[in-house]
2 protein chains.
Amino acid sequence: MEGPYIRRRRPREPGYLLAEYYLKPKGITQTDFAAATGLTRKHISSVIHGRASITPDTAVRFAEVLGTSPEYWLNLQTAVALWDARQALKDDPSIQRRRFAGNGDDGPAA
Amino acid sequence: MEGPYIRRRRPREPGYLLAEYYLKPKGITQTDFAAATGLTRKHISSVIHGRASITPDTAVRFAEVLGTSPEYWLNLQTAVALWDARQALKDDPSIQRRRFAGNGDDGPAA
DNA sequence: GGATATGTAACCTACCCGGTTACACGCCGC
DNA sequence: GCGGCGTGTAACCGGGTAGGTTACATATCC
């Protein structure tokens, strides 16, 4: 194998999962969910459409209302953010890759 | 038991672990590490002292240079951020807790 | 006295979270 | 037709913060 496993496709936005697997099945409107979380209707809409991301604050609010764990929502978000960061830095020459990696595969010691 | 397990004390800053378990043991200076990651010396110092947090961008840079996973650094950071968010929202009245929680412990169905 | 490593302050730019207000559209029931 | 509801979205704003530049101070070691 060559290198760590990296998703080929961008992970789903957490907002998609919120709408598809929580709000829709339970028949919860965005308006009601906004009221329950203490956020604005507009902000919930932004999250669902991927224009706003899940912050720690948002994750705790979602978790408290839905009875899930905050880590669940936050991990979904960081997966997306990490994927984006990897893409952006893929060939960035300002990084000296494996410069201080633990094992001695940085060439012969001589 | 009552409620989810929550750390009593704030998790360690990832910067502390960077300095204590990576830079110091390997004899890497902040200056060299900054050069290797493509960040500024000042910014590395800020991360180590908890004045700047690990973003996805930073996590990827650290991982590439040290040969670890980006998730490692990012998870350390989100653990701290989540702890802070939980504290800040602990008694926030704008959240309707368990309003849409799945199981029916929201009272008798009458 | 030099060079090196670090902390830190002031200042700046860019980004983005989350809010407010307002308008437009589609659907439903009357 | 018309009003209410749920939703999308645009414009605008305040505040926070990532990360940079420059500069100065300190401590250590040669």
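Throughout, a chain's letter reflects where its sequence line sits, starting with A, and its residues are numbered from 1.
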Taking all atoms of both residues into account, what is the closest heavy-atom pair of P14(A) and W73(A), and its distance?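 It is O-CZ3, 3.9 Å.
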Would a distance-only check, ignoring hydrogens and angles, find a side-chain to backbone donor-acceptor pair under 3.5 Å from D32(B) to I28(B)?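 Side chain of D32(B) to backbone of I28(B): no pair is present.
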Okay, side chain of W83(B), backbone of R7(B): is any donor-acceptor separation there less than 3.5 Å?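 It does hold such a pair.
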With the threshold set at under 4.0 Å for non-hydrogen atoms, list the residues of residues 68-82 of chain A touching DNA chain D in residue-number order.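 Hits under 4.0 Å, by residue number: none.
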Shared ILVMFWY cluster between L89(A) and I44(B), side chains joined below 4.5 angstrom?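 Yes, because L89(A) and I44(B) connect within a single hydrophobic cluster, where side-chain heavy atoms sit under 4.5 Å apart.
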Any side-chain heavy-atom pair of [X] and [Y] under 4.5 Å:
X	Y	result
R61(B)	S94(A)	yes
R97(B)	D92(B)	yes
Y72(B)	L17(B)	yes
L18(A)	L23(A)	yes
F33(A)	L39(A)	no

Let me know the distance between [atom1] of [X] and [atom2] of [N], rounded to the nearest Å.
X	N	atom1	atom2	result
R41(B)	dA25(D)	CZ	C1'	11 Å
I48(A)	dT9(D)	CD1	P	11 Å
L39(B)	dT17(D)	CG	P	19 Å
L23(A)	dG6(D)	CG	C1'	13 Å

Got a sec: does the CZ of R12(A) have more than 12 other heavy atoms crowding it under 6.0 Å?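 No - once you tally the heavy atoms of other residues, nucleotides and ligands closer than 6.0 Å, there are 12 at most.
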Name the first nucleotide and the last nucleotide along DNA chain C (5' to 3') that come under 4.0 Å of a heavy atom in chain A.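 Going 5' to 3' along DNA chain C, contacts run dC17(C) to dA22(C).
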Going by modelled atom types, is there a donor-acceptor pair between the base of dG8(D) and the side chain of K42(A) at under 3.5 Å?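 A donor-acceptor contact between them is absent.
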S45(A) side chain N/O closer than 4.0 Å to the phosphate oxygens (OP1, OP2) of dT7(D)?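 No, S45(A) has no side-chain N/O under 4.0 Å of OP1/OP2 on dT7(D).
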Those residues of residues 50-58 of chain A lying under 4.0 Å from DNA chain C by at least one heavy atom: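 Only R51(A), A52(A), S53(A), T55(A), T58(A) qualify.
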Check the angle between the aromatic planes of Y16(B) and Y21(B) and answer parallel, tilted or perpendicular using the 30° and 60° thresholds.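 Rings of Y16(B) and Y21(B): perpendicular, as their planes differ by over 60°.
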